[in-house]
Amino acid sequence: HARFVLGKLSKKGIKLIWSLEFETKKLKSLKEPLLQVIDQAKREGLKIKSICLAVAGAVVKNKSSSISMKFSIDGHKITRMTKISCTLINDFAAVGYGIPHLPNKSVKVIKSGTSSKLGTIAAVGAGTGLGKNIMKYNQHSGRFFPLDSEGGSADLPIHSKEIELLRFLESKEKVVQQDTVLSGQGIVRLYEFFLKGSKPNSYDILIRKSKNKAELIAQGTKKSVSCKKAMKQFSIFYARILKNTVFEFLPYGGIYIAGGIAAKNPYLFDKSFLKEFLRAPKELVSMLNQVPIKLITNYDVSLYGAILGASL
């Protein structure tokens, strides 16, 4: 779904006034929903000063071909159409912008650490794909700014003991990327691998007939052995990718896990997850221990970020 929110940024923080939601598959462009939002704001006597669209895909020269939509988005054309300045940002840049503005109740601590208040922040989240973002603090502006990433397209960290899984994934995809498994479709791929050669039970048959396979698999760890194995492997890959993120960017401000899959299934981040995360040479374990890991439970984080993005 595509969500459009009317918001306000003030010294007191970010306020969400109201939002409208549209089914992405039915949209042929953003013209209709944008004009609807603008029209509703006018009827309520509210003036929109700027527009910021957080899109799932790379943004180049204020243009993007979103992976979740069948059409491209051009911020310059939207500015001309609406006569309101429009800026496009990556959806995980919006998550990054939103993190510093989240209330404490919107974050669950998975692992504590020696957090640095102004240290680099990393956000990683599996959903339709795998989003990644790094936030660096800018002393002049007094704000964190995101560094865009398409890190979900990087190669999957898979080990020799998982060679059969690798061969299975290679039979499905030309290139096995991180989001090949860390995504909704990735959950289905892992489940199909573990189901292969076993006798499906009644819950497995229910999954086979469902249009929401990933959701049922994630909920079925106590109903199907294949579901349990798939989600355990999903958790292991999550831990490895977060660990690699620590080594690459030293995010002593913390790693924030975003996305609906994580928020709906916090059981993924258990003792086994932490054990895999801390699996490293002794001299590097202390580095990993310093980095806090936090789970974002508030789905509005990217809306907060888009509102901030519209003000910049």
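Among pairs with a residue in residues 98-134, none fulfils ring pair (Phe, Tyr, Trp, His ring centres under 6.0 Å), at least two apart in sequence or across chains. Annotation: side-chain hydrogen bond (donor to acceptor under 3.5 Å, both in side chains) contacts involving residues 298-312, sequence neighbours excluded, comprise Arg3-Asp300, Ser106-Asn298.
In this view, Arg240 and Glu162, Glu276 satisfy the salt bridge (charged side-chain N to carboxylate O under 4.0 Å, His left out) rule, not counting sequence neighbours. Considering only residues two or more places apart in sequence or on other chains, Glu173 meets the salt bridge (charged side-chain N to carboxylate O under 4.0 Å, His left out) condition with Arg189. Looking at residues two or more places apart in sequence or on another chain, you find a salt bridge (charged side-chain N to carboxylate O under 4.0 Å, His left out) between Asp39 and Arg43. Judged as a side-chain contact (heavy atoms from CB on, under 4.5 Å), and not counting sequence neighbours, the contacts of Pro146 are Ala93, Tyr97, Asn133, Met135.
For Lys228, the NZ atom sits in a loose shell: 12 or fewer heavy atoms of surrounding residues, nucleotides or ligands are nearer than 6.0 Å. The number of heavy-atom neighbours closer than 6.0 Å to CD of Glu23, taken from other residues, nucleotides and ligands shown, is above 12. Residue-environment remark: CD (Glu32) stays at or below the threshold of 12 foreign heavy atoms within 6.0 Å.
Considering all non-hydrogen atoms of both residues, Leu288 and Phe277 come closest at CD1-O, 3.3 Å. Here the closest non-hydrogen pair linking Ile121 and Tyr256 is CG2-CD1, 3.6 Å. For Ala214 against Ile187, the heavy-atom pair with the smallest separation is O-CG2, 4.0 Å. In terms of heavy atoms, Leu27 sits closest to Leu30 at CD1-CD2, 4.3 Å. For the residue pair Gly184 and Ile261, the shortest heavy atom distance occurs at N-CD1, 3.7 Å. Between Thr245 and Pro251, the shortest heavy-atom contact is O-CD, 3.8 Å.
Using modelled atom types, one side-chain atom of Asn62 and one backbone atom of Leu88 make a donor-acceptor pair closer than 3.5 Å. Under a 3.5 Å cut-off, the side chain of Asp74 and the backbone N or O of His76 do form a donor-acceptor pair. Under a 3.5 Å cut-off, the side chain of Tyr191 and the backbone N or O of Lys213 do not form any donor-acceptor pair. For the pair Thr180 (side chain) and Gln177 (backbone), a donor-acceptor distance under 3.5 Å is present. Not one N or O on the side chain of Ser210 forms a donor-acceptor pair closer than 3.5 Å with the backbone of Leu206. Put simply, the side chain of Ser224 never gets that close to the backbone of Gly220: no donor and acceptor are under 3.5 Å apart. Put simply, the side chain of Ser72 never gets that close to the backbone of Ser64: no donor and acceptor are under 3.5 Å apart. Asn138 places no side-chain N or O within donor-acceptor distance of the main-chain N or O of Phe144, the cut-off being under 3.5 Å. Looking only at distances, no side-chain donor or acceptor of Asp148 sits under 3.5 Å from a matching main-chain atom of Ala58. Thr87 contributes no side-chain N or O that, together with a main-chain N or O of Ala310, makes up a donor-acceptor pair within less than 3.5 Å.
For an aromatic pair to be called close, the ring centres must be under 6.0 Å apart, and Tyr238 with Phe273 fails this.
In the hydrophobic clustering of this structure, Phe193 groups with Leu166; members are Ile, Leu, Val, Met, Phe, Trp, Tyr whose side-chain heavy atoms approach within less than 4.5 Å, directly or through other members. Leu147 and Leu130 fall into different hydrophobic clusters, defined by Ile, Leu, Val, Met, Phe, Trp and Tyr side-chain heavy atoms under 4.5 Å apart, directly or through other members. Side-chain heavy atoms closer than 4.5 Å link hydrophobic residues (I, L, V, M, F, W, Y) into clusters, and following such links, even through other members, never connects Leu303 to Ile51.
Using a 4.0 Å cut-off between charged nitrogen and carboxylate oxygen, Arg167 and Glu164 count as a salt-bridge pair.
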